[in-house]
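Note sheet for the following structure.
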Amino acid sequence: VATAEKMSAERAFVSIYDAATLRRRKTLQHPDMLSSEIVYVAFSADSKVCLTQGGGPDWLLVVWSFDRTAKPVATYKMSSASVYQADFSPHDSSLICASGDGMLKFLRVAEGQLKTVQHNLKREPQNYTCHCWLPEDRFVVATDTGDIYLFEGFEFRSCLQRPLKTTPSAPSNQDNAAASQAVAAPVTTINIDPSDSINSIMAFSKGFVCGCANGVLCVFERSEDDP
């Protein structure tokens with residue numbers, strides 16, 4: 001278990017606790033971090049490495065290993081972009097995504113460095129509020145204006161649309177056709193303003209759930225026609 005500490009005048013740090021005994025085992029604090037807060041902490045799927053995403057002004061991302069003692073493996077400065085989320089791919093512990101205001105970055109840990117992995121999303125920078133790794137090398141990222149972008153690998157595939165009204169009936173042929181080109185078809189929701197922000201995304205066995213503004217949940221399930 002990791003807890004991030006916000007300091008008033010000192011560099012922020014993260015405490016690692018043993019989940020069974022609740023005793024603090026390690027403290028993570030990087031000497032180059034200028035921020036007094038940590039905005040995100042995440043473990044890899046195998047729990048062998050951890051990342052800490054510092055706040056402004058430097059927005060320093062640090063990857064730590066836990067062999068015997070905690071030590072930094074690689075660092076990356078996000079410049080002036082505000083970062084909301086940074087985490088590892090559950091399928092590849094060397095791959096990281098960081099998203100935030102005007103920035104979406106894929107990074108790979110290699111040779112003691114965090115190297116940028118290029119993607120092909122050719123759009124004006126947006127406020128990316130959250131993202132989620134999906135099975136089969138797929139990935140979605142959402143914005144504060146309600147857009148959901150789907151990637152396969154690092155290739156942008158489509159922008160998924162949310163329904164605007166309650167849809168208790170079976171999807172139409174037109175909906176099925178649209179779903180076959182995307183990864184998922186919207187299943188249930190209630191009245192939604194299409195410009196409402198999406199604040200969280202969580203994957204489940206059949207697709208993913210978006211937590212939207214005003215307490216709305218929007219469920220997407222993978223279409224049977226999707227390859």
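For reference, positions follow the sequence shown, starting with 1.
Counted within 6.0 Å of NZ on Lys115, heavy atoms from surrounding residues, nucleotides or ligands total more than 12; the atom is thus considered enclosed. More than 12 heavy atoms of other residues, nucleotides or ligands shown are found within 6.0 angstrom of NZ on Lys26.
Met33 has its side chain within reach of Ile38: a pair of non-hydrogen atoms, C-beta onward, lies under 4.5 Å apart. Between Asn214 and Asp196 there is a side-chain heavy-atom pair separated by less than 4.5 Å. Leu217 is not listed as a side-chain neighbour of Met202, based on a closest heavy-atom distance of 4.5 Å or more. Residues Val140 and Phe220 fail the side-chain proximity criterion, which asks for heavy atoms closer than 4.5 Å. With a 4.5 Å cut-off on side-chain heavy atoms, Trp133 and Cys97 count as touching.
Note that OG1 of Thr52 and OH of Tyr40 are 13.5 Å apart. Values are rounded to the nearest 0.5 Å. One finds the CG atom of Leu104 at 10.5 Å from the OH atom of Tyr149 (value rounded to the nearest 0.5 Å). Here CD of Gln126 is found 5.0 Å from OH of Tyr128. Values are rounded to the nearest 0.5 Å. Atom CD1 of Ile96 is separated from atom CZ of Phe88 by 4.5 Å, given to the nearest 0.5 angstrom. Separating the CH2 atom in Trp59 from the CD atom in Gln53 is a distance of 7.0 Å, to the nearest 0.5 Å. Rounded to the nearest 0.5 Å, atoms NZ (Lys105) and OG1 (Thr116) are 5.0 Å apart.
Using modelled atom types, one side-chain atom of Gln29 and one backbone atom of Arg11 make a donor-acceptor pair closer than 3.5 Å. A donor-acceptor pair under 3.5 Å links the side-chain atoms of Gln85 to the main chain of His131, judged by distance alone. Under a 3.5 Å cut-off, the side chain of Asp18 and the backbone N or O of Arg23 do not form any donor-acceptor pair. A donor-acceptor pair is defined here as one N or O able to donate and one able to accept, closer than 3.5 Å; no such pair exists between the side chain of Ser158 and the backbone of Leu160.
Taking each heavy atom of Ala45 and Ser93 in turn, the nearest pair found is N-OG, 4.2 Å. Closest approach of Ala203 to Cys132, counting heavy atoms only: N-SG, 3.5 Å. Summarising the geometry of Val62 relative to Pro72, their closest heavy-atom pair is CG1-CB, 4.0 Å, with the distance given to 0.1 Å. Scanning both residues, Ile198 and Asp147, for their nearest heavy atoms gives CD1-O, 4.2 Å. Nearest heavy-atom pair, Val73 versus Trp64, reported as atom, atom and distance to 0.1 Å: CG2-C, 4.1 Å. Scanning all heavy atoms of the two residues, the minimum distance from Asn199 to Ser197 falls at OD1-OG, 3.1 Å.
Under the side chain to side chain donor-acceptor pair (under 3.5 Å) rule, Tyr84 has a single partner from Thr129, Asp144, Asn127, which is Asn127.
Between Phe106 and Phe154, the ring-plane angle classifies as perpendicular under the 30° and 60° cut-offs.
Neither Leu95 nor Leu114 shares a network with the other; the hydrophobic side chains, linked directly or stepwise wherever heavy atoms of I, L, V, M, F, W or Y lie under 4.5 Å apart, form separate groups for each. Cluster annotation: Leu51 is connected to Tyr76 through the hydrophobic network of ILVMFWY side chains, with a link wherever side-chain heavy atoms come within less than 4.5 Å. Val39 and Leu61 fall within the same hydrophobic cluster, where Ile, Leu, Val, Met, Phe, Trp and Tyr residues are linked whenever their side-chain heavy atoms come under 4.5 Å apart, directly or through other members. Hydrophobic clustering (ILVMFWY, side-chain heavy atoms < 4.5 Å, transitive): Val41 and Leu28 are in one cluster. Val117 and Val109 fall into different hydrophobic clusters, defined by Ile, Leu, Val, Met, Phe, Trp and Tyr side-chain heavy atoms under 4.5 Å apart, directly or through other members.
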Apply the test salt bridge (Lys or Arg N to Asp or Glu O under 4.0 Å) to residues Arg108 and Asp92: give CA-CA distance (whole Å), side-chain angles for both, the deciding distance (0.1 Å), then the verdict. CA-CA 9 Å; Arg108 187 177 294 281; Asp92 182 352; 2.8 Å; yes
Dump the intermediate steps for side-chain contact (heavy atoms from CB on, under 4.5 Å) on Phe156 and Val141, then the final yes or no. CA-CA 11 Å; Phe156 169 65; Val141 61; over 6 Å; no
The test is side-chain contact (heavy atoms from CB on, under 4.5 Å); show your working for Leu34 and Lys77 and say whether it passes. CA-CA 11 Å; Leu34 302 179; Lys77 288 187 178 182; 5.5 Å; no
